[in-house]
Amino acid sequence: VQLQASGGGLVQAGGSLRLSCTVSGRTSSNFDLGWFRQAPGKEREFVAVISSNGSRQTVAASLKGRFTIARDDAKNTVYLEMNSLNTQDTAVYYCAATALFLPTTVAGYSYWGQGTLVTVSS
């Protein structure tokens with residue numbers, strides 16, 4: 001299974017960005033799909049996860065109301081919509097796939113994409 005994240009870039013504080021992650025090698029509907037992020041000098045942290053059928057989502061408590069996750073299995077793609085961005089959202093964002101149900105830890109995921117950099121300027 002391969003995952004390819006895209007959509008990162010430079011955005012001003014208060015702006016929005018949508019990340020995409022395309023799954024290949026196997027049908028994405030076989031997996032729960034998640035997003036993590038890693039800021040410079042910090043550990044990788046959970047952002048959001050969506051269940052394999054799209055009916056359940058979990059978003060990190062600190063990001064609720066600003067970040068949403070969605071999937072389109074016809075396109076084998078999971079999305080992360082990010083709004084009201086601030087400088088603390090600057091990080092490399094990673095997508096990941098798992099056969100487990102809605103895990104929120106790094107160890108819960110078997111497959112990882114390469115990451116896409118999001119930089120929020122003040």
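Computed from a predicted model, the values in this text were never measured in an experiment. Along the sequence shown, residues are numbered consecutively beginning with 1. When reading the values below, keep in mind they use all heavy atoms of this one structure, side chains included, and skip hydrogens, waters and symmetry mates.
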Going by salt bridge (charged side-chain N to carboxylate O under 4.0 Å, His left out), name the pairs with one or both residues in residues 92-110, residues two or more places apart or in two chains. none

Hydrophobic clustering (ILVMFWY, side-chain heavy atoms < 4.5 Å, transitive) - are Val106 and Leu102 grouped together? yes

Taking all non-hydrogen atoms of both residues, which atom of Pro103 and which atom of Val49 are closest, and how far apart? O-CG1, 3.9 Å

Partner set under side-chain hydrogen bond (donor to acceptor under 3.5 Å, both in side chains) for Ser29, not counting sequence neighbours: none

What distance separates Leu85 CG from Ser16 OG, expressed to the nearest 0.5 Å? 6.0 Å

Would you be so kind as to tabulate the donor-acceptor pairs closer than 3.5 Å made by side chains of residues 114-122, with sequence neighbours excluded?
residue: Gln114; atom: OE1; partner: Ala5; partner atom: N; Å: 3.4
residue: Gln114; atom: NE2; partner: Ala5; partner atom: O; Å: 3.0
residue: Thr116; atom: OG1; partner: Gly8; partner atom: N; Å: 3.1

Any donor-acceptor pair under 3.5 Å from Arg71 side chain to Ser28 backbone: yes

Do Asp73 and Thr27 pass the side-chain contact (heavy atoms from CB on, under 4.5 Å) test, and can you show the C-alpha distance, the side-chain angles, and the key distance before you say yes or no? CA-CA 8 Å; Asp73 289 322; Thr27 303; 5.9 Å; no

Among residues two or more places apart or on two chains, list those pairs meeting ring-ring contact (aromatic ring centres under 6.0 Å, His included) that have a residue in residues 16-63. Phe31-Tyr111, Phe36-Phe46, Phe36-Tyr109, Phe36-Trp112

Lys64: side-chain contact (heavy atoms from CB on, under 4.5 Å) partners, not counting sequence neighbours: Val59

Residue pairs fulfilling side chain to side chain donor-acceptor pair (under 3.5 Å) with at least one residue in residues 51-61, sequence neighbours excluded: Ser51-Asn53, Asn53-Ser55

Residues that, via side-chain heavy atoms closer than 4.5 angstrom, fall in one hydrophobic cluster with Leu100: none

Cluster link Leu17 to Leu63, ILVMFWY, side chain under 4.5 Å: yes

What about Val78 and Met82, same hydrophobic cluster or not, with Ile/Leu/Val/Met/Phe/Trp/Tyr joined at side-chain heavy-atom distances under 4.5 Å? yes

The complete set of salt bridge (charged side-chain N to carboxylate O under 4.0 Å, His left out) pairs with one or both residues in residues 5-22, sequence neighbours excluded, reads none

With sequence neighbours left out, which residue pairs that include part of residues 85-104 fulfil the side chain to side chain donor-acceptor pair (under 3.5 Å) condition? Arg37-Asp89, Arg37-Tyr93, Arg66-Asp89

Let's go through Asp32 and Ile50 carefully: what are the C-alpha distance in whole Å and the side-chain angles of both, what is the deciding distance for side-chain contact (heavy atoms from CB on, under 4.5 Å) to 0.1 Å, and is it a yes or a no? CA-CA 6 Å; Asp32 285 18; Ile50 187 166; over 6 Å; no

Contacts satisfying ring-ring contact (aromatic ring centres under 6.0 Å, His included) that involve residues 48-68 (not counting sequence neighbours) are none

Are Tyr79 and Leu3 co-members of a hydrophobic cluster defined by side-chain heavy atoms under 4.5 Å apart? no

Residue pairs involving residues 10-122 (criterion disulfide bond (SG atoms under 2.5 Å apart); sequence neighbours excluded): Cys21-Cys95

Rounded to the nearest 0.5 Å, how far apart are CD1 of Ile69 and CD of Glu81? 12.0 Å

Taking Asp72 for the side chain and Thr77 for the main chain, is one N or O donor matched with an acceptor at less than 3.5 Å? no

Pair listing, disulfide bond (SG atoms under 2.5 Å apart) test, anchored in residues 29-91, at least two apart: none

